[in-house]
Amino acid sequence: MDNHSSDSLYQRIYKLVKQIPAGQVATYGQIAKMVGNCGPRQVGYAMSHTPQAQNIPWQRVVNSQGRISVRKDGAEDPRQMKLLKQEHIIFSKSGKIDLVEYGWFGPDWEWMQQNGYQQALPPGVEN
DNA sequence: CTGATGACGGTGC
DNA sequence: GGCACCGCCATCA
């Protein structure tokens, strides 16, 4: 344990994203804070490079508005919403996920501490 | 080394 | 609610 210092930033991001349970979502900014305040863009970059072999639930990371972020070509990946709906996540008419209802605020906080992550709540969620 | 890029976020209008 | 900027920072050419 505690080998996070030998993990690359992306490996730390992947390890964390794998902790998000089905039916819940985290934001890029939230993940960024958890791994130690790296830029949210790095999280997005990491998600665009997810190794298939590691089976990372990349679909559970959305932007701060609770929306699926568009790719560089200006379009969403249609697989993302499909996968999230399969996990019983409901989208509003305008295509947004309610972060207060579905946002992940780290029920497994002990695990995060042991692995060197910091706490971070989804936008709009208070203690 | 330097500059460009990007699955972001916050602010301001 | 939407849109335009600007700051961000690891990677990459």
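Lettering follows sequence order; numbering is per chain, from 1. Both backbone and side-chain heavy atoms feed into the values below; hydrogens, waters and symmetry mates do not.
Under the 4.5 Å side-chain heavy-atom criterion for grouping Ile, Leu, Val, Met, Phe, Trp and Tyr, A/Phe91 is not connected to A/Trp58 through any hydrophobic cluster. Using a 4.5 Å cut-off between side-chain heavy atoms of Ile, Leu, Val, Met, Phe, Trp and Tyr, with links allowed through other members, A/Phe105 and A/Ile89 fall into different hydrophobic clusters.
Nucleotide B/dA4 holds its C1' atom 14 Å from the CD atom of A/Gln42, rounded to whole Å. Counting to the nearest Å, the P atom of B/dG9 and the CG atom of A/Leu99 are 10 Å from each other. Atom CZ of A/Arg41 and atom C1' of C/dC12 are 15 Å apart (whole Å). When rounded to the nearest whole Å, the span between CD of A/Gln65 and C1' of B/dG9 equals 9 Å. With rounding to whole Å, A/Asn37 atom CG is found 11 Å from C/dA10 atom P. Atom CD1 in A/Ile31 sits roughly 22 Å away from atom P in C/dC8 (whole-Å rounding). Rounded to whole Å, the distance from NE2 on A/His49 to C1' on C/dC9 is 15 Å. The OH-P distance, from A/Tyr14 to B/dA7, rounds to 12 Å in whole Å.
Heavy-atom nearest nucleotides on DNA chain C were determined for A/Cys38 and for A/Tyr45, and the one closer to the 5' end corresponds to A/Cys38. With the nearest nucleotide of DNA chain B identified for both A/Lys33 and A/Met47, A/Met47 has the one nearer the 5' end.
A/Val61 comes within 4.0 angstrom of no nucleic acid atom, judged by non-hydrogen atoms across all strands.
Under the 3.5 Å distance criterion, the side-chain polar atoms of A/Glu87 are left unmatched by any main-chain donor or acceptor of A/Lys82.
The aromatic rings of A/Tyr117 and A/Trp111 sit parallel to each other, their planes meeting at less than 30°, with 60° as the upper class boundary.
Closest to the side chain of A/Pro40, from the set C/dA10, B/dC8, B/dG6, is B/dC8. Which of B/dG6, C/dT11, B/dC8 sits closest to the side chain of A/Asn63 comes down to B/dC8.
Contact check, A/Lys96 against C/dG1: a side-chain N or O comes under 4.0 Å of OP1 or OP2. Residue A/Ser64 places no side-chain N or O under 4.0 Å from the OP1 or OP2 atom of B/dC8.
Judged by distance alone with a 3.5 Å cut-off, a donor-acceptor contact links the side chain of A/Tyr28 to the base of B/dA7.
Ion pair A/Asp77/A/Arg79 flagged as a salt bridge, since at least one NZ, NE, NH1 or NH2 atom sits closer than 4.0 Å to an Asp/Glu carboxylate oxygen.
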